[in-house]
Amino acid sequence: MPSLWDYPDFDAHEGVHLFSDTGSGLRAIVAIHSTALGPAAGGTRFWRYADGDQALVDALRLSRGMSYKNAMAGLPLGGGKGVVLAPEDGLKSPALLAAFGRAIDSLGGRYVTAEDVGMNDADMVAIRGQTRHVAGLPVAAEAAGGDPGPMTSLGVFLGIRAAVRRALGRDDLAGVHVAIQGVGSVGGGLAQLLAAAGARLTLADVDADRAAALAAALGGAAVAAGDILRVEADVLSPCALGAVLNERSIPAIAAPIVAGAANNQLATPEDAARLHARNILYAPDYVINAGGIINVGMEYLGHGDRAEVEARVGQIPGRLEQVWAESAATGLPAATVADRIAQRLIGRGD
Ligand code: NAI
């Protein structure tokens with residue numbers, strides 16, 4: 001059994017906190033990667049982990065990703081992540097959420113949570129009963145904050161437009177063919193924005209009915225989930241799971257651009273080089289998918305309104321351009337360049 005410091009995913013995290021509460025059955029981890037730029041912010045995942053070890057690895061990886069994402073989004077926030085191990089019955093009881101809220105509060109504001117996989121805005125309201133260090137709460141229409149999905153969709157849409165401009169030399173998306181893997185909260189919103197801009201869509205989801213219904217509504221096509229990565233499109237947009245870009249999938253990708261919302265799209269660091277070697281323009285995931293954290297981060301910080309959030313989301317294409325330009329100048333893969341810029345921003349670079 002390795003010590004925490006020997007885990008491959010341990011990256012000089014400032015703090016890794018294990019919480020348990022016998023009354024409610026809570027077992028949770030909060031990993032704080034860096035507070036160099038501000039309180040460590042990142043959502044909480046509620047997941048049925050095989051064991052505590054798997055949950056710890058997830059918390060370590062995801063919290064570092066949040067440091068990079070928040071730094072690249074220009075937010076005065078560090079990076080952290082919460083994971084709650086789903087109990088045997090799979091239920092998020094009020095007592096469990098309250099215990100998790102108290103756990104977050106005990107960190108005194110060093111960690112700020114919001115929703116992630118398995119958590120929704122009602123859960124954030126429950127947590128808010130115990131701590132003020134939570135965002136992603138329901139808000140008024142003109143206010144910053146609330147469901148991060150729509151702002152993530154907007155950022156990915158703007159990032160795709162920038163990628164199309166760079167790789168295909170086109171200023172508009174009319175007739176540009178985008179294949180979207182996963183049409184849930186973010187992928188579904190993205191499909192709507194792309195359809196409104198005149199793009200041609202091919203959609204896939206493990207929930208085949210969902211993809212078919214959206215394709216019918218937007219005038220696109222639906223394909224089986226297993227076929228989407230190989231579609232001959234201009235843009236492949238992974239908006240479902242992580243690790244979809246790997247040794248097996250990359251050789252079969254037919255699109256010259258990969259730009260989507262899913263977190264941790266690259267299975268390994270070597271996959272950044274594999275994409276680069278194939279001359280595929282890759283939008284690093286945590287740069288293009290920062291719209292949601294910009295939205296909830298500004299809610300927590302009490303900065304500005306929805307228009308201000310949209311203005312900041314509008315800066316995502318410029319950050320991607322910076323990464324692509326440095327990638328072209330140095331010959332390094334875009335993902336490697338993004339990591340280096342983020343590390344410099346949090347004071348860990350060379
Ligand atoms: P969601 O759960 O609403 O949607 C995911 C969709 O992908 C579902 O419709 C699901 O059926 C589908 N799916 C799952 N496995 C699939 C597969 N193998 N092939 C095709 N479809 C599959 O999740 P959401 O919120 O839309 O997030 C999507 C991705 O974006 C996740 O990786 C998430 O971590 C990431 N992300 C989400 C943000 C947000 O604001 N919601 C912010 C930043 C990243």
Side-chain angles (χ1 to χ4, degrees), residues 41-47 58-59 61-63 65-66 68-70 72-73 75 77 79 81-83 113-121 123-124 135-137 144-160 179-193 201-215 222-231 236-246 248-249 258-267 283-299 309 312-313 316:
T44 290
R45 184 164 289 194
F46 179 84
W47 193 252
D58 220 18
R61 292 193 64 197
L62 292 166
S63 58
M66 289 310 303
Y68 290 5
K69 184 186 298 199
N70 294 341
M72 288 299 268
L75 293 167
L77 293 169
K81 199 83 183 182
V83 302
T113 200
E115 35 299 66
D116 190 58
V117 178
M119 287 279 192
N120 57 36
D121 55 357
D123 300 326
M124 296 306 115
L137 300 158
D147 178 6
M151 283 299 145
T152 306
S153 302
L154 177 62
V156 175
F157 170 75
L158 297 175
I160 287 176
I180 305 180
Q181 179 190 41
V183 288
S185 168
V186 178
L190 172 65
Q192 308 264 3
L193 292 169
L201 297 176
T202 298
L203 311 177
D205 200 293
V206 281
D207 181 344
D209 290 344
R210 179 182 285 179
L214 193 63
V223 297
D227 294 335
I228 192 73
L229 296 176
R230 291 188 297 271
V231 169
L236 170 65
S237 187
C239 293
L241 306 171
V244 290
L245 305 175
N246 54 48
R248 278 171 294 109
S249 68
V258 175
N263 279 314
N264 300 326
Q265 289 171 38
L266 301 170
D285 45 18
Y286 59 81
V287 183
I288 195 172
N289 74 12
I293 191 69
I294 291 172
N295 188 38
V296 297
M298 300 213 13
E299 171 190 344
V309 171
R312 284 185 177 239
V313 173
I316 287 175

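Reckoned from all heavy atoms, side chains included, excluding hydrogens, waters and symmetry mates. No experiment lies behind these values; they were computed from the predicted model shown. Atoms within each ligand, like the ligands themselves, are counted from 1 in listed order.
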(request) Return yes or no for this condition: an N or O of Gly292 is under 3.5 Å from an N or O of ligand 1. (result) no
(request) Give a yes or no on whether the backbone of Leu229 and the side-chain of Gln181 come within a donor-acceptor separation of less than 3.5 Å. (result) no
(request) Do me a favour and list the nearest non-hydrogen protein atom to atom 30 (O) of ligand 1 with residue, atom name and distance? (result) Ala261 O, 3.4 Å
(message) For the backbone of Glu115 and the side chain of Thr44, can you confirm whether one donor and one acceptor N or O come within less than 3.5 Å of each other?
(response) no
(message) Does Met119 form a side chain to side chain contact (heavy atoms under 4.5 Å, CB included) with Arg45? I'd like the steps, not just the answer.
(response) CA-CA 6 Å; Met119 287 279 192; Arg45 184 164 289 194; over 6 Å; no
(request) Run the salt-bridge test on Lys81 and Asp116 with the 4.0 Å N-O cut-off and return the result as yes or no. (result) yes
(request) Please write down residue, atom name and distance for the protein heavy atom closest to atom 29 (C) of ligand 1. (result) Ala240 O, 3.5 Å
(message) Given 3.5 Å as the limit, does a donor-acceptor pair link the side chain of Ser249 with the main chain of Val244, or not?
(response) yes
(message) Does Asp147 form a side chain to side chain contact (heavy atoms under 4.5 Å, CB included) with Asp121? I'd like the steps, not just the answer.
(response) CA-CA 7 Å; Asp147 178 6; Asp121 55 357; 5.5 Å; no
(request) Look only at interatomic distance and state if Asp205 has a nitrogen or oxygen under 3.5 Å from any nitrogen or oxygen of ligand 1. (result) yes
(message) Quick test: of every protein heavy atom, which one is nearest to atom 1 (P) of ligand 1, and how far off is it to 0.1 Å?
(response) Ser185 N, 4.0 Å
(message) Can you confirm whether Trp47 sits close enough to Val117 that some side-chain heavy atom of one is under 4.5 Å from a side-chain heavy atom of the other?
(response) yes
(request) Report yes if Thr152 has an N/O atom closer than 3.5 Å to an N/O atom of ligand 1; otherwise report no. (result) yes
(message) Against ligand 1, does Gln265 come closer than 4.0 Å with any heavy atom?
(response) no
(request) Pick one of side chain, backbone, both or neither for how Arg210 approaches ligand 1, counting any non-hydrogen atom pair under 4.0 Å. (result) side chain
(request) Counting heavy atoms only, name the option from Gly184, Gly226, Cys239 that's nearest to atom 4 (O) of ligand 1. (result) Gly184
(request) For Gly149, counting its heavy atoms only, list the atoms of ligand 1 lying under 4.0 Å from any of them. (result) 40 (O)
(message) Strictly distance-based, threshold 3.5 Å: is any side-chain N or O of Asp205 a donor or acceptor partner for the main-chain N or O of Ala208?
(response) no
(request) Would you check the N or O atoms of Leu241, main chain and side chain alike, for any that come under 3.5 Å of an N or O of ligand 1? (result) no
(message) Contact between Asn70 and Ile293 at the side-chain level, heavy atoms closer than 4.5 Å - yes or no?
(response) yes
(request) State, with a plain yes or no, whether a side-chain heavy atom of Ile180 is found less than 4.5 Å away from one of Thr202. (result) no
(message) Return the closest protein heavy atom for atom 17 (C) of ligand 1 as residue, atom name and distance.
(response) Val206 CG1, 3.5 Å
(message) Is atom 34 (O) of ligand 1 touching the protein, meaning some protein heavy atom lies under 4.0 Å away?
(response) yes
(message) Which of the numbered atoms in ligand 1 are under 4.0 angstrom from any heavy atom belonging to Lys69?
(response) 43 (C)
(request) Verify, without hydrogens or angle tests, whether Asn246 (side chain) and Ala267 (backbone) share a donor-acceptor contact under 3.5 angstrom. (result) no
(message) If the cut-off is 4.0 Å to any non-hydrogen atom of Pro148, which atoms of ligand 1 fall inside it?
(response) 40 (O)
(request) Give the residue, atom name and distance (to 0.1 Å) of the protein heavy atom nearest atom 27 (O) of ligand 1. (result) Val186 CG2, 4.1 Å
(message) Hydrogens and angles aside, do Asn263 and Asn289 bring a side-chain donor and acceptor to less than 3.5 Å of each other?
(response) yes
(request) Check whether any N or O atom of Asn263, backbone or side chain, sits under 3.5 Å from an N or O atom of ligand 1, and answer yes or no. (result) yes
(request) Kindly indicate whether atom 23 (O) of ligand 1 is approached by any protein heavy atom to under 4.0 angstrom. (result) no
(message) Give the atom numbers and elements of ligand 1 that come within less than 4.0 Å of a heavy atom of Ala262.
(response) 29 (C), 30 (O), 32 (O), 35 (C)
